[in-house]
Amino acid sequence: MNRTVLTFDSMARGLAEYGDPHGRPVVLHHGLLGDAGLPDVWDALARDAAVRLIAVERPGYGASDPAPMTAVGDWTAHLLPVLEACGVDGSFDVLGISAGAPYAYALAAALPERVRRVWVLSGLPYVPDDAVRGHYPEEAEPVWTFYREAPEAEVVARFEAAAGRMAEVFAESPWVLASLPGLAAHGWRGPAREVRLQTRPWGFVPAGVTQPVRLWHAPADQEVPFPAAEATAALFPAARLTEQREPDHIPSEETLRELFGELGDEGP
């Protein structure tokens with residue numbers, strides 16, 4: 001892993017690179033709780049697949065300073081200077097994990113001439129759509145409403161109050177656990193902003209993502225209902241969804257091997 005902090009207009013942006021530094025670029029988007037840190041297996045699999053995996057920390061995560069965003073689609077303007085600084089001036093793939101999926105879709109919609117394919121692991125569904133969100137349990141709707149309508153300070157306070165419980169929940173996921181102090185250092189503004197944007201208009205629609213979209217999702221996922229993932233996949237013009245055998249929301253190693261196997265087959 002090679003960690004880097006870049007500065008644009010006095011604002012820091014953190015990233016980490018894995019795999020083959022001369023390989024095909026794939027821009028990775030971490031989940032709601034995370035940063036650019038990944039388990040060692042990612043580095044090994046990316047290297048074997050001749051992939052240059054670039055994990056970029058969104059505002060308020062890791063080394064990236066908080067920054068205002070009005071929609072998920074604003075992410076493209078934040079990322080383009082990072083790509084330029086990394087020497088990525090041609091085509092690339094995008095990969096989204098969980099709540100990072102909308103940001104991968106945003107790049108594909110905004111940059112159809114540069115983004116080749118979209119890869120998604122346990123992705124957040126298109127929850128601005130009432131029908132998609134309707135696949136969640138009934139008790140989830142007040143939570144979505146709170147995230148959408150509550151002042152940011154109240155959402156931040158909810159994350160702060162849940163910090164201890166999150167540490168217990170992710171005790172078996174060291175790479176997620178390691179990101180929590182960084183999130184707290186930014187006052188939880190990163191995830192608080194993201195949950196507020198999830199149920200609001202994303203700034204694009206799935207039909208605008210015309211590239212191939214490849215998804216993996218566990219039918220027994222307790223965080224994101226599989227029917228919501230299926231309904232989201234159906235909104236893209238060219239999507240293929242595979243059931244992950246293991247029930248966890250965290251991508252399994254078997255799924256990672258399938259992902260990098262297909263990335264390697266894609267060629268340069």
Side-chain angles (χ1 to χ4, degrees), residues 1 16-20 23-24 26-57 61-62 93-105 117-127 132 135-137 165-180 191 194 212-234 236 239-266:
M1 175 180 67
E17 294 201 36
Y18 302 85
D20 182 350
R24 178 159 55 87
V26 177
V27 178
L28 179 142
H29 299 80
H30 56 73
L32 181 67
L33 301 177
D35 57 21
L38 294 170
D40 291 342
V41 66
W42 286 79
D43 187 53
L45 292 174
R47 190 173 300 275
D48 290 345
V51 163
R52 179 189 180 190
L53 192 64
I54 306 171
V56 182
E57 293 167 335
Y61 287 84
D93 285 19
V94 291
L95 166 61
I97 305 171
S98 189
Y103 299 89
Y105 300 142
R117 295 180 65 94
V118 182
W119 310 83
V120 175
L121 303 175
S122 305
L124 179 82
Y126 186 53
V127 290
V132 172
H135 291 290
Y136 279 78
R165 182 174 59 83
M166 287 189 285
E168 295 177 1
V169 169
F170 293 102
E172 301 301 319
S173 302
W175 57 299
V176 177
L177 193 63
S179 74
L180 299 183
E194 298 216 340
V213 178
R214 183 73 172 90
L215 309 96
W216 283 264
H217 208 94
D221 190 324
Q222 295 298 307
E223 301 294 327
V224 177
F226 189 77
E230 287 184 306
T232 297
F236 295 107
R240 180 162 66 98
L241 172 63
T242 292
E243 296 184 8
Q244 176 179 284
R245 296 177 187 175
E246 290 78 2
D248 202 347
H249 180 66
I250 302 296
S252 68
E253 185 168 330
E254 180 181 352
T255 294
L256 293 182
R257 293 187 181 279
E258 290 180 8
L259 163 69
F260 283 102
E262 293 191 19
L263 276 167
D265 290 341
E266 284 293 305

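This one's a predicted model, so the numbers in the text were calculated from it and none came from an experiment.
Take Asp35 and apply the side chain to side chain donor-acceptor pair (under 3.5 Å) test, not counting sequence neighbours, and it matches no residue. Looking at residues two or more places apart in sequence or on another chain, you find a side-chain contact (heavy atoms from CB on, under 4.5 Å) between Asp221 and Ser122, His217, Ala218, Glu223, Val224, His249.
In this structure, CG on Leu38 lies 11.0 Å from CG on Leu45, to the nearest 0.5 angstrom. Rounding to the nearest 0.5 Å places CG of Leu33 at 5.5 Å from CE of Met166. In this structure, CG on Leu263 lies 4.5 Å from CH2 on Trp119, to the nearest 0.5 angstrom.
Between Pro137 and Pro225, the closest heavy-atom pair is CD-CG, 4.3 Å. Closest of all the heavy-atom pairs between Glu246 and Gln244 is O-NE2, 3.1 Å. In this structure, Leu215 and Ala239 approach most closely via the heavy-atom pair CD1-CB, 4.0 Å. Taking both residues in full, the closest heavy atoms of Leu241 and Ala233 are given as CB-CB, 4.4 Å, listed atom of the first, atom of the second, then distance. In plain terms, the two heavy atoms of Ala231 and Val132 that are nearest each other are CB-CG2, 4.1 Å. When every heavy atom of Phe170 is checked against every heavy atom of Leu177, the shortest pair comes out as O-CB, 3.8 Å.
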Apply side chain to side chain contact (heavy atoms under 4.5 Å, CB included) to the pair Asp93 and Val118, showing each step before the final yes or no.
CA-CA 6 Å; Asp93 285 19; Val118 182; over 6 Å; no
Using the side chain to side chain contact (heavy atoms under 4.5 Å, CB included) rule, take Val41 and Glu253 through it: C-alpha gap first, then chi angles, then the decisive distance, then the call.
CA-CA 8 Å; Val41 66; Glu253 185 168 330; 4.1 Å; yes
Check against side chain to side chain contact (heavy atoms under 4.5 Å, CB included), Ile97 and His30:
CA-CA 5 Å; Ile97 305 171; His30 56 73; 5.7 Å; no
Carefully, step by step, assess Leu121 and Leu95 under the rule side chain to side chain contact (heavy atoms under 4.5 Å, CB included).
CA-CA 8 Å; Leu121 303 175; Leu95 166 61; 4.2 Å; yes
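Put simply, the side chain of Arg52 does not reach to within 4.5 Å of the side chain of Tyr18, judged on heavy atoms. In this structure, the side chains of Tyr103 and Val94 stay at 4.5 Å or more apart for every pair of heavy atoms. Considering only heavy atoms from C-beta on, Leu256 comes within 4.5 Å of Trp42 through its side chain. In this structure the side chain of Pro125 reaches within 4.5 angstrom of the side chain of Tyr136, judged on heavy atoms. Taking 4.5 Å as the limit, some side-chain heavy atom of Glu243 sits within range of a side-chain heavy atom of Phe226. Counting heavy atoms from C-beta outward, Tyr61 and Glu194 have side chains that approach closer than 4.5 Å.
Between Arg240 and Glu262 there is a salt bridge, with a side-chain nitrogen of the basic residue lying less than 4.0 Å from a carboxylate oxygen of the acidic one.
Panel note: side chain Thr232, backbone Ala228; a donor-acceptor pair is recorded below 3.5 Å.
Aromatic pair Tyr105/Tyr126: centroids not less than 6.0 angstrom apart.
Results of the side chain to side chain contact (heavy atoms under 4.5 Å, CB included) test with Phe260 over Asp48, Leu53, Thr255 single out Leu53 as the only residue that passes.
For the residue pair Thr242/Arg214, the side-chain donor-acceptor check at 3.5 Å is satisfied.
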